[in-house]
Amino acid sequence: MTVHSFDPAPIAKAVLPAIRDLLLDEVRRHVAAEHKAQADAVDVEIDTACREVARAADRLAQARFSGAAEGSAHRALVKAAMALGQTMRKHGRMPKGE
């Protein structure tokens with residue numbers, strides 16, 4: 001029985017480019033998924049602020065037609081609109097000049 005010598009260096013050298021490409025693809029996918037998750041969180045925060053403005057606008061409309069205290073509803077709408085603006089600026093989504 002003869003013993004064959006085995007040198008893994010040529011095999012490793014041949015496989016290295018393929019492994020490198022696979023690893024880089026996986027890292028790119030991970031980075032893209034992380035970026036999407038951050039973008040989704042920003043959209044949720046902006047959407048929440050938009051809903052608060054809509055609720056405050058509804059309360060103001062109801063106050064106008066029901067004869068309730070309109071002042072507090074108006075202040076709530078202004079506060080919600082300012083919070084939405086602040087959220088939009090924070091995430092760079094506010095149109096230029098606003």
Side-chain angles (χ1 to χ4, degrees):
M1 186 179 273
T2 57
V3 178
H4 297 284
S5 64
F6 175 71
D7 184 16
I11 295 171
K13 204 177 254 188
V15 173
L16 186 61
I19 293 174
R20 182 181 296 132
D21 290 343
L22 290 173
L23 183 60
L24 286 173
D25 288 344
E26 188 62 31
V27 168
R28 285 185 191 113
R29 272 187 291 238
H30 178 71
V31 169
E34 185 68 28
H35 182 69
K36 183 174 176 5
Q38 290 173 352
D40 289 346
V42 168
D43 289 342
V44 166
E45 189 175 349
I46 291 172
D47 188 48
T48 301
C50 288
R51 287 189 176 150
E52 287 302 316
V53 170
R55 283 189 195 104
D58 285 345
R59 278 185 249 129
L60 179 59
Q62 288 174 358
R64 283 186 176 158
F65 290 109
S66 68
E70 215 174 296
S72 63
H74 186 273
R75 284 189 297 278
L77 176 58
V78 170
K79 183 179 175 183
M82 290 179 71
L84 173 59
Q86 184 178 17
T87 301
M88 297 283 283
R89 278 188 292 281
K90 172 179 152 185
H91 296 296
R93 303 273 182 96
M94 183 65 89
K96 298 291 182 201
E98 308 258 339

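Taking each heavy atom of L77 and A56 in turn, the nearest pair found is CA-CB, 3.5 Å. The shortest non-hydrogen separation linking P17 to A14 is CD-O, 3.6 Å. Annotation for E70 and A63: closest pair CA-CB, 4.2 Å, computed over non-hydrogen atoms. Taking every heavy atom of both residues into account, V53 and A80 meet most closely at CG2-O, 3.4 Å.
Using a 4.5 Å heavy-atom threshold, the side chains of R75 and S72 count as touching.
Here CD of E45 is found 10.5 Å from CG of L84. Values are rounded to the nearest 0.5 Å. Note that the CG atom of L16 and the CG atom of L23 stand 10.5 Å from one another [nearest 0.5 Å]. Rounding to the nearest 0.5 Å places CD of E26 at 13.5 Å from CG of D21.
Ion pairing between D25 and R28 holds under the 4.0 Å rule for side-chain N and carboxylate O. The existence of a salt bridge linking R51 and D58 is excluded, since no basic side-chain nitrogen approaches an acidic carboxylate oxygen closer than 4.0 Å.
M82 and M88 end up in different hydrophobic clusters when Ile, Leu, Val, Met, Phe, Trp and Tyr side chains are linked at under 4.5 Å.
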Quick one, R93 with D43, criterion side chain to side chain contact (heavy atoms under 4.5 Å, CB included). Give me CA distance, side-chain angles, the key distance, then yes/no.
CA-CA 10 Å; R93 303 273 182 96; D43 289 342; 2.9 Å; yes

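No more than 12 heavy atoms of other residues, nucleotides or ligands lie within 6.0 Å of CD in Q86, so this atom counts as exposed by the packing criterion.
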